[in-house]
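What follows is a single structure, written as structure tokens, with notes after it.
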Amino acid sequence: MLDRLFTVAATRIAGFAGQPGAFATAVGIILLWSFTGPLFGYSDTWELVVNTATTIVTFPMVFLIQNSQNRDAAAMQAKLDELIRAVDAARSQFIGIEHLTDREIEKVRSDLEQECGDIAGKVSPVASLANLTRRL
């Protein structure tokens with residue numbers, strides 16, 4: 001229950017935060033705050049207001065946006081795994097490679113590039129694609 005509620009909230013908040021209106025609102029608030037500087041004599045309290053407000057907003061946003069990105073990446077990976085599983089010519093050993101270390105993934109990438117003939121840019125992308133499709 002709590003997990004579902006958090007997912008819905010994180011999705012909606014991250015969706016709103018990524019819109020131009022959210023950016024415009026943030027800029028508007030900062031402009032309003034800056035215009036009140038002379039009214040409050042650019043005091044420490046005046047400065048503390050914006051520092052506190054931005055900290056309060058930023059801290060939970062980091063977790064909400066990270067949650068949304070994690071879910072998006074997991075969903076994308078599940079879809080790619082399903083495509084690999086469903087395509088006869090695809091190699092099933094690629095399913096789950098997202099759990100490998102960075103070094104292991106780089107080795108897989110390097111091996112694929114060599115297999116396609118695209119070693120250090122010596123072969124054009126068109127020729128590399130032709131090599132790959134010929135293999136399939």
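All of these numbers come straight from a predicted model, not from anything done at the bench.
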Quiz: residues 18-26 side-chain donor-acceptor pairs under 3.5 angstrom, not counting sequence neighbours:
unit_1, atom_1, unit_2, atom_2, d
Q19, NE2, G15, O, 3.4
T25, OG1, G21, O, 2.8

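- Neither I97 nor L83 shares a network with the other; the hydrophobic side chains, linked directly or stepwise wherever heavy atoms of I, L, V, M, F, W or Y lie under 4.5 Å apart, form separate groups for each.
- By the 4.5 Å heavy-atom criterion applied to side chains, R85 and E82 are counted as neighbours.
- The side chain to side chain donor-acceptor pair (under 3.5 Å) pairs that include a residue from residues 60-71 are T11-R71, Q66-N70, N67-R71, S68-R71, where partners are two or more places apart or lie in different chains.
- Evaluation of the ring-ring contact (aromatic ring centres under 6.0 Å, His included) test over residues 66-98, restricted to residues two or more places apart or in two chains, returns none.
- Atom OG1 of T52 and atom CD of E47 lie 10.0 Å apart (nearest 0.5 Å).
- Applying the side-chain contact (heavy atoms from CB on, under 4.5 Å) criterion to L31, with sequence neighbours excluded, gives V27, S34, F35.
- When hydrophobic residues (I, L, V, M, F, W, Y) are linked wherever their side-chain heavy atoms come within less than 4.5 Å, the members clustered with W46 are I30, W33, L39, F40, Y42, V50.
- For D44, the CG atom is loosely surrounded, since the number of other residues' heavy atoms within 6.0 Å does not exceed 12.
- In the hydrophobic clustering of this structure, I105 groups with I84; members are Ile, Leu, Val, Met, Phe, Trp, Tyr whose side-chain heavy atoms approach within less than 4.5 Å, directly or through other members.
- Counting side-chain heavy-atom gaps under 4.5 Å among Ile, Leu, Val, Met, Phe, Trp and Tyr, the cluster of I65 also holds F6, I13, V57, M61, L64.
- Among residue pairs with one or both ends in residues 96-112, those qualifying as side chain to side chain donor-acceptor pair (under 3.5 Å) are Q77-E98, T101-E104, E106-R109, K107-D111, R109-E113; sequence neighbours excluded.
- In this structure, the side-chain contact (heavy atoms from CB on, under 4.5 Å) partners of V8, at least two apart in sequence or on a different chain, are R4, R12.
- Under the ring-ring contact (aromatic ring centres under 6.0 Å, His included) criterion, the residue pairs touching residues 48-68 are F59-F63, with sequence neighbours excluded.
- Atom-to-atom distance recorded for T54:OG1 and I29:CD1 is 11.0 Å, nearest 0.5 angstrom.
- Residue V87 is found outside any hydrophobic cluster, as its side-chain heavy atoms come under 4.5 Å of no other Ile, Leu, Val, Met, Phe, Trp or Tyr.
- Residues passing the side-chain contact (heavy atoms from CB on, under 4.5 Å) test with T55, sequence neighbours excluded: none.
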